[in-house]
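The structure under discussion appears below in the form of structure tokens.
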Amino acid sequence: MRAIVVSPNGVAIACVDPADVDERAMPTVWWGSPAAAAEQVAEIERTEGPRWAMWSQDSARELLELGVEVARSWDVAAVHRVLFGGWRADPARAWARIGGLSTRDLPADAPLDLFHQEPDGDPDDPVRPDGHLRPDWVAGAWQETPERAGRWATVLAELVRRQRAAIEELADREDGRPAARRTASSESTAELLCAELGHAGLPVDRTAMEAAIASFVGPRPASEREAVERVVARDEAVLRHVPQGIRFDLRSPTQVRSMLRVVGVEVPDTRAWRLEQHRDAHPLVDALLTWRKAERVATTFGYPWLDERLGADGRFRGEWSAADGAAGRMTASGGLHNMPADLRSGVVAAPGHRFVRADLGQIEPRVLAAVSGDRSLARASQADDLYAPVAAELGVERAVAKVAVLGAMYGQTTGEGARALQGLRRSYPIAMSYLEAADATAQVGTDLRTYGGRLLRMGGPVPVERAQAAARGRFGRNAMVQGAAAELFKVWALIVRARGRSVDAEVVLCLHDELLVHVPDEHVEVAASMVDEALGEAAARWAPDRSVRFLSDTSIVRSWADAKP
DNA sequence: TGCGGCTATTG
DNA sequence: CACAATAGCCGCAG
């Protein structure tokens, strides 16, 4: 522990080198205004470049708001999620878990009542006699004095020390995960990237995005009355196809089913892919499908969505999470991860800039080859199109080989993919056993760990219905691949983030296997090469075995829509 | 008012 | 509708 920088209204960053934590050392505390604290952080970053210990992405967000960006961190919440799975990772929970305390009923910051007048222990000690953190300290009581801030920093340092020991133990175990050391670092730093993504936002051209929205729902209504009229008109375009006198609520699936029955279309549900089969049966079906598309844009990706999230600086902002609760993929709110592809024309680089857009080709089967150690599948990964050699090996069409491989990773038990499974088992026994072992383990509720060491919680040995057990098996089987792919992707994104600094290349979007990097025109070629090189480096760093080939499809574009689909 | 079901979008 | 996610609306229970 070297230093801590504190401001009375909230910035608490301990500067800790996890390799050098001395539990007895008292931290140096800088106590000042937020601006002064930020300046201190910037100075330490400049001169020492440490791995900063942080409670969570919140710490990084506070720093960014003060104009300070740091390169590396040990993020207690991120490491907690790796070690123990799940998503919740508040300080009290992380502290309790690493200390072996129960997290079933964590002490809450409940108001004191007659029966709990005086909380036990010393109110100036952040740790209660029962070993839990004091809720009032977690809630902010640590900020009251420099002495308290120092004690709080010591708690953080101790937590980091214990987490680090747990990661080392995991890496050194007989059945361990040596990659866990690297995962702890990359998952931590991914939290910094997420804070930066949320802070900086995605370049969006308001005019272009409004045009894209307008192509579905018409131009922005001038008044509330006009907005209502627009909705009525959209509904009417569908309802005019049914006999007069009967009104149906198009937003109610039950009523839509009745409406379709009136014109002689019988469907078990009203999902688009099913209605597609009946497009020719009656003009109503086509009108309904068009309505659905417009309604979706109007309610979720319309003008209110844009107004709420697009700033005057031309940046569209959502909140980013570095690891979801399941397999550990990055997620984003605000529609950044499920924006209809038709709106991508609104995502445009700023004047004088271009995007480097890159996505990983066939990432999941390649990751499967790597984590399972299947040499045959690794050989297939040498091809630009992995499914081609697999199809040749199985003696089937490429399309069949593809659904078979995907089906194996998803746990599909019916259809064409399942029929080709026997061939996969024969030709790629190591990879298939890897998936089947994960499936079997998950079915009985036993937790799994990804290649990188992330715990995948499977619910414990609670008896469940057969169908539920099968679903758990499919989840476990897929999470081992999806989670490992997420780990590799993050390493790649972080290398791009670090290397990009020198050419002002800024990662502005991460989408599971796709990166969008915003770059000044003059550096865009260099940045594109850098993105490709970063993948090789990421693969080597993530899994030092070089037998599996990873590919990125990289292009330079003005708009996200210009990238080939 | 909260929550499960349905629907649509993305990888 | 195989795996994951976010998100909105409807219908029903409390």
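All chains are named by letter (A, B, ...) in the order of the sequence lines, taking the proteins before the strands, and each is independently numbered beginning at 1.
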Residues 280-287 of chain A, side-chain donor-acceptor partners within the protein, below 3.5 Å, at least two apart:
residue : atom : partner : partner atom : Å
A/H282  : ND1  : A/L284  : N            : 2.9
A/D286  : OD1  : A/R279  : NH1          : 2.2

Residues of residues 415-449 of chain A with a heavy atom under 4.0 Å from any atom of DNA chain C, listed by number, are none
Under a 4.0 Å heavy-atom cutoff, the residues of residues 453-481 of chain A touching DNA chain C are A/R474, A/F475, A/N478
For [X], what residues pass the side chain to side chain donor-acceptor pair (under 3.5 Å) criterion, not counting sequence neighbours?
X: A/E416; answer: none
X: A/E506; answer: A/R315
X: A/D374; answer: none
X: A/R425; answer: A/E436

Identify the pairs formed between an N or O of the protein and an N or O of nucleotides 7-10 of chain B at a distance under 3.5 Å, and give each distance.
residue : atom : partner : partner atom : Å
B/dT7   : OP1  : A/T270  : N            : 3.0
B/dT7   : OP1  : A/T270  : OG1          : 2.8
B/dT7   : OP2  : A/R271  : NH1          : 3.2
B/dT7   : O3'  : A/R292  : NH1          : 3.3
B/dA8   : OP1  : A/A272  : N            : 3.4
B/dA8   : OP1  : A/R292  : NH1          : 2.7
B/dA8   : OP2  : A/A272  : N            : 2.9
B/dA8   : N3   : A/R296  : NH2          : 3.3
B/dT9   : O4'  : A/R296  : NE           : 3.4
B/dT10  : OP1  : A/A341  : N            : 3.1
B/dT10  : O3'  : A/R344  : NH2          : 3.1

If I take atom [atom1] in residue [X] and atom [atom2] in nucleotide [N], what distance separates them, rounded to the nearest angstrom?
X: A/W560; N: B/dG11; atom1: CH2; atom2: C1'; result: 10 Å
X: A/W492; N: B/dG11; atom1: CH2; atom2: P; result: 14 Å
X: A/W291; N: C/dC9; atom1: CH2; atom2: P; result: 11 Å
X: A/L515; N: B/dG11; atom1: CG; atom2: C1'; result: 13 Å
X: A/Q255; N: C/dC9; atom1: CD; atom2: P; result: 16 Å
X: A/Y410; N: C/dA4; atom1: OH; atom2: C1'; result: 8 Å
X: A/L336; N: C/dA5; atom1: CG; atom2: P; result: 18 Å
X: A/M409; N: C/dA4; atom1: CE; atom2: C1'; result: 13 Å

Of C/dA5, C/dC10, C/dT6, the nucleotide closest to the side chain of A/S333 is C/dT6
Determine, for A/R234 against A/E229, whether the closest basic-nitrogen to carboxylate-oxygen distance falls under 4.0 angstrom.
no
Under a 4.0 Å N-O cut-off, is there an ion pair linking A/D553 with A/R357?
yes
Return the set of residues passing ring-ring contact (aromatic ring centres under 6.0 Å, His included) with [X] (not counting sequence neighbours), or none when no residue passes.
X: A/H278; value: none
X: A/F84; value: A/H80
X: A/F475; value: none

Nearest-nucleotide 5' precedence on DNA chain C, A/G407 against A/R309
A/G407
Which residues satisfy the side chain to side chain contact (heavy atoms under 4.5 Å, CB included) test with A/S186, sequence neighbours excluded?
A/V491, A/L494
With a 4.0 Å cut-off on heavy atoms, is A/A326 in touch with a base, just the backbone sugar-phosphate, or nothing at all?
sugar-phosphate
